[in-house]
2 protein chains.
Amino acid sequence: MKKHQITILDIARQLNISKSTVSRALTGHPKVSPETRKAVLELAVQMDYQPNMLSVSLVKNKSNTIGVIVPEFMSSFFPQVILGIQQVARMSGYTVLITQCSESYEQEVANARLLLASQVDGLLVSLTKETLNYDHLKIFQRKGIPVVFFNRVCEDMEVPKVIVDDYEGAYRATEHLITTGRKRVAHLAGPATLAISRKRLDGYRDALRRYGIAIDESLIISYDLTMEKVDIYVNHLLNLANRPDALFCINDPTAIQAIQVIKQRGLRIPEDIAVVGFSNDYYSAFIEPSLTTVAQPVQDVGSTAARLLINQIETDCDKPIIKQLKTELIVRRSTV
Amino acid sequence: MKKHQITILDIARQLNISKSTVSRALTGHPKVSPETRKAVLELAVQMDYQPNMLSVSLVKNKSNTIGVIVPEFMSSFFPQVILGIQQVARMSGYTVLITQCSESYEQEVANARLLLASQVDGLLVSLTKETLNYDHLKIFQRKGIPVVFFNRVCEDMEVPKVIVDDYEGAYRATEHLITTGRKRVAHLAGPATLAISRKRLDGYRDALRRYGIAIDESLIISYDLTMEKVDIYVNHLLNLANRPDALFCINDPTAIQAIQVIKQRGLRIPEDIAVVGFSNDYYSAFIEPSLTTVAQPVQDVGSTAARLLINQIETDCDKPIIKQLKTELIVRRSTV
DNA sequence: CTGTTAGCGCATTCAG
DNA sequence: CTGAATGCGCTAACAG
């Protein structure tokens with residue numbers, strides 16, 4: 001069976017009037033007689049008429065679509081962000097085209113091309129851990145398509161960004177570990193390519209400094225966010241002659257994995273070693289011991305990013321604002 | 001700044017040749033001289049030319065887009081399924097347009113209209129818990145747009161479906177509880193509107209029957225999947241004069257929430273009461289105690305559904321196959 | 001091999 | 001208020 005659709009022409013013929021009148025009636029144009037309008041509208045619903053968005057977008061040079069590029073879909077973080085995005089997009093009459101990169105730069109480039117070809121009116125991006133070149137995103141700017149970054153932002157581009165205060169969050173987390181008596185706080189950091197990794201690392205460092213604790217570089221390990229590596233690095237830390245008594249992890253999945261390793265080694269949490277994560281993922285409260293973590297306003301990240309973008313689309317004013325949302329330390333049993 | 005794009009015309013003018021030749025060169029048409037092709041291709045990349053998919057889709061009456069409607073985005077289940085979908089879609093040259101309903105029927109209808117207007121070539125759907133009327137989906141059939149259901153399927157429509165063997169999974173889970181010595185197995189079921197709820201309930205019932213255990217209706221509670229209710233119902237079960245010694249939950253989030261309640265009441269798991277879930281969500285292994293659950297091949301659900309759909313789009317043969325994927329019981333510490 | 005023409009479905013001129 | 005005509009960017013059929 002072939003794809004068939006009802007067009008304006010079909011309903012124009014039925015009613016024996018011109019296409020333009022039908023179009024006007026359908027789009028709520030003022031200059032059309034009440035009777036004609038009524039007749040058109042009724043026939044339209046009766047015939048299951050759906051305007052062809054492709055045509056509309058083509059002729060208006062506006063697709064009412066915003067593209068989203070996220071690095072991954074495994075953790076609950078990005079799906080949640082997307083929830084926030086969709087919410088405000090829908091309210092403003094935009095469709096959301098979601099693409100996902102599985103942390104691959106190549107995939108990110110491919111997704112960008114795709115969204116460009118799809119004529120999105122704006123782009124919301126969070127980078128993969130591999131991304132170092134931004135040409136595929138700069139094309140959007142050059143073509144006059146607004147771009148807004150969120151979470152994993154690009155520091156090379158002068159566009160609006162939505163982030164959380166990673167520095168502050170990391171500082172508070174580390175401070176919490178110190179003030180609860182820990183002396184040797186290790187940090188399982190993210191890849192240095194990501195600004196969030198660097199900021200969290202800075203927060204960690206500054207907290208130690210502030211409390212007069214010498215920074216031991218052997219306690220800082222950067223890794224690529226692949227879960228298998230966590231086992232290796234945590235075991236390495238636990239094998240150190242002068243074992244750490246606390247571990248601050250770049251995110252919750254990392255922390256949870258670390259906890260598994262620590263428990264397997266027969267060490268007690270938090271007595272032998274305290275653990276804190278970052279993000280407050282949905283299940284972090286349920287694991288044993290429940291995880292102390294830095295909560296981010298996940299959906300807010302999405303909704304503010306979308307708001308910023310849509311505003312830019314509709315007003316053409318593009319101040320490269322950086323919205324920094326607050327984090328909150330959630331203390332649970334992995335530290336106290 | 002206004003949105004501006006490079007068109008075939010632009011590159012045709014630069015090269016002083018006709019638009020059709022450019023088009024042919026770009027689409028890899030055989031009948032075009034190597035020099036022209038080379039020149040066109042080079043200029044195209046140099047100018048950042050991106051074909052306008054809206055036009056292409058419009059003229060070909062094919063958007064190379066498949067629409068996806070999922071009921072929710074909070075748990076990791078649907079994002080994972082989507083991963084599977086995207087994988088095969090991308091390989092076959094399709095874009096995926098994802099929509100999410102927050103378990104609202106109205107939202108589902110709105111999403112369907114949107115996808116229809118977007119001229120998707122096919123539709124992948126998993127129903128919300130509220131959906132009882134399927135008119136918004138039948139429109140696709142009527143217009144000759146293939147539809148494939150997955151996970152939460154519609155029994156009223158004769159289209160391909162991808163499900164897991166819910167009955168079998170539930171049966172095995174219940175059997176496991178019985179053979180490990182439980183006599184009073186309760187079931188926290190999903191809403192009867194969903195076929196998966198009914199099938200899991202049937203599996204549960206049949207397992208009890210098979211082992212000669214009388215079914216106590218007071219131990220079966222159907223609920224609407226809103227987490228807050230779990231506390232109420234679990235407490236109710238625990239307050240029964242003849243308390244259950246096992247609890248089979250419709251899914252993992254429910255089971256995890258139930259575990260929290262049980263622990264708060266000071267009961268031991270699995271000694272006082274065993275718990276089993278369904279889905280094997282990512283974090284189910286990490287909670288305390290780790291959760292015995294029925295694993296589903298999540299990504300496979302997505303990929304097979306996508307394969308079924310694309311096959312239907314491209315061959316026009318629409319046997320309403322029902323693919324039933326296998327489940328696997330994962331035994332962890334919440335039961336033994 | 002290449003150029004010309006027509007038309008996808010729609011919104012938007014411009015004339016009545 | 002309504003109809004006819006134009007074009008969005010592109011492909012396909014038809015002529016050279």
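Both backbone and side-chain heavy atoms feed into the values below; hydrogens, waters and symmetry mates do not. So that the names make sense, note that chain A is the first sequence line, chain B the second, and so on, each numbered from 1.
Computed from coordinates, the A/I17 CD1 to D/dG3 P distance equals 6 Å when rounded to whole Å. Rounded to whole Å, atom P of D/dT2 lies 17 Å from atom NZ of A/K19. What separates CG of B/L54 from C1' of C/dG9 is a distance of 12 Å, to the nearest Å. D/dT6 atom C1' lies 17 Å from atom NZ of A/K60, rounded to whole Å. We find that CD of B/Q119 is positioned 9 Å from P of C/dG9, with the value rounded to whole Å. Whole-Å rounding puts the B/K31 NZ to D/dA13 P distance at 11 Å. If you measure from atom CG of A/L58 to atom C1' of C/dT12, you get 14 Å, rounded to the nearest angstrom. When rounded to the nearest whole Å, the span between CZ of B/R24 and C1' of D/dG16 equals 12 Å.
Looking at residues 35-53 of chain A, you'll see A/Y49, A/P51, A/N52 sit with a heavy atom under 4.0 Å from some atom of DNA chain C. Residues from residues 5-16 of chain B that place a heavy atom under 4.0 Å from any atom of DNA chain C: there are none.
Comparing B/P34 and B/V59 along DNA chain C, the residue whose closest nucleotide (by nearest heavy atom) sits nearer the 5' end is B/P34.
A sub-4.0 Å separation between OP1 or OP2 of D/dT2 and a side-chain N or O of A/S33 is present. Taking only side-chain nitrogens and oxygens, A/T21 comes nearer than 4.0 Å to OP1 or OP2 of D/dG3. Dashed line: the shortest gap from a side-chain N or O of B/S18 to OP1 or OP2 of C/dT2 is not under 4.0 Å.
Taking each heavy atom of B/T7 and B/Y49 in turn, the nearest pair found is C-CE1, 3.8 Å. Between A/V70 and A/F150 the shortest heavy-atom distance is CG1-CZ, 3.9 Å.
Between B/L137 atom CG and B/I69 atom CD1 the span is 6.0 Å, to the nearest 0.5 Å. With rounding to the nearest 0.5 angstrom, the OG atom of A/S63 is 8.0 Å from the CE atom of A/M53. If you take CD on B/E108 and OG on B/S126, they are separated by 9.0 Å, rounding to the nearest 0.5 Å. To the nearest 0.5 Å, atoms OG1 (A/T95) and CG (B/L115) are separated by 8.5 Å. We find the CD1-CD1 distance between B/I66 and B/I313 to be 6.0 Å, quoted to the nearest 0.5 Å.
Set against C/dT2, D/dC10, C/dT4, the side chain of B/V32 has C/dT2 as its closest nucleotide.
At the heavy-atom level, A/S57 lies nowhere under 4.0 Å from the strands shown.
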side-chain contact (heavy atoms from CB on, under 4.5 Å) between A/I310 and A/V88: does it pass, once the steps are laid out? CA-CA 9 Å; A/I310 291 173; A/V88 343; 4.1 Å; yes
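Ion pairing between B/E103 and B/R152 holds under the 4.0 Å rule for side-chain N and carboxylate O.
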